[in-house]
Trainee: 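Take a look at this one; I'll ask things after.
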Amino acid sequence: MSLFREGHFFFEKTMKLFIATDHGALEAKNHLVKFLNELGHEVEDLGTHSTESCHYPEYASKLAREVVQQEGRGVLLCGSGIGVSVVANKYAGITAALCRSIDDARLSREHNNSNVICFGGRVSSHKEMEAMLKIWLETEFEGGRHEIRTNMFAELGTKI
Ligand code: RB5
């Protein structure tokens, strides 16, 4: 993706983004898709697409597979955010962080190199999720001593 800002062209690393939810956060998921598009990100919406009751492990698993296979990043939602984060973290290659604050979102990138951010659609407001998502996308992993630690868990979990 090329962008023009403040008189300079620069190229941003294209990051493949995925988003998924269960019925518990449908409205928030749809809101975040629009928000991401407005920020200039393409995002693949893996559902759900209706308010009909469904099973969050199916959506979290679907997103985890895409993130690992396509080396992308993902946004997962459910009512609390807990269910999807538990499921996503079962997969090798996924570091899913349930975030409730901007500091959570920032630190989950700086220290943990999270590649999936999880929100509770019944816990956080749309504005709070927007702010967390923006900082999460903009923040780089610090590496160094943190990498020694993330290397310790990088290979854990079920291989896709
Ligand atoms: C669905 O009602 C709810 O249990 C689910 O969205 C999630 O909060 C589970 O952790």
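Keep in mind it's a predicted model, so treat the numbers as computed, not measured. Atoms within a ligand are numbered from 1 in the order they appear, just like the ligands themselves.
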Trainee: Can you tell me the protein heavy atom closest to atom 3 (C) of ligand 1 and the distance?
Mentor: Arg122 NH1, 3.9 Å
Trainee: Using every non-hydrogen atom in the two residues, find where Cys118 and Gly81 come nearest and quote the distance to one decimal.
Mentor: CB-O, 3.9 Å
Trainee: What heavy-atom pair brings Cys99 and Phe119 nearest, and what distance separates the two atoms?
Mentor: O-CD2, 3.8 Å
Trainee: I would like to know whether Thr139 and Leu107 meet side chain to side chain contact (heavy atoms under 4.5 Å, CB included); could you show each step before the answer?
Mentor: CA-CA 9 Å; Thr139 305; Leu107 286 166; over 6 Å; no
Trainee: Under 3.5 Å, is there a donor-acceptor pair between the Thr21 and Tyr59 side chains?
Mentor: no
Trainee: Can you tell me the protein heavy atom closest to atom 1 (C) of ligand 1 and the distance?
Mentor: His23 NE2, 3.6 Å
Trainee: Any donor and acceptor pair, going by atom type alone, linking the side chain of Asp22 with main-chain N or O of His55 inside 3.5 Å?
Mentor: no
Trainee: Which protein non-hydrogen atom lies closest to atom 5 (C) of ligand 1, naming both residue and atom, and how far is it?
Mentor: Asp22 OD2, 3.2 Å
Trainee: Tell me, which protein residue and heavy-atom name are nearest atom 10 (O) of ligand 1, and how many Å apart are they?
Mentor: Gly83 N, 3.0 Å
Trainee: Take a 6.0 Å sphere around CD of Gln70 and say whether it holds more than 12 heavy atoms from other residues, nucleotides or ligands.
Mentor: yes
Trainee: Of the protein's non-hydrogen atoms, which lies at the shortest distance from atom 7 (C) of ligand 1, and what is that distance?
Mentor: Cys78 SG, 3.4 Å
Trainee: For atom 9 (C) of ligand 1, which protein heavy atom lies nearest, and how many Å away is it?
Mentor: Tyr56 CE2, 3.5 Å
Trainee: Is Ser80 in polar range of ligand 1, meaning some N or O pair under 3.5 Å apart?
Mentor: yes
Trainee: Has ligand 1 got any nitrogen or oxygen that is less than 3.5 angstrom from a nitrogen or oxygen of Gly79?
Mentor: yes
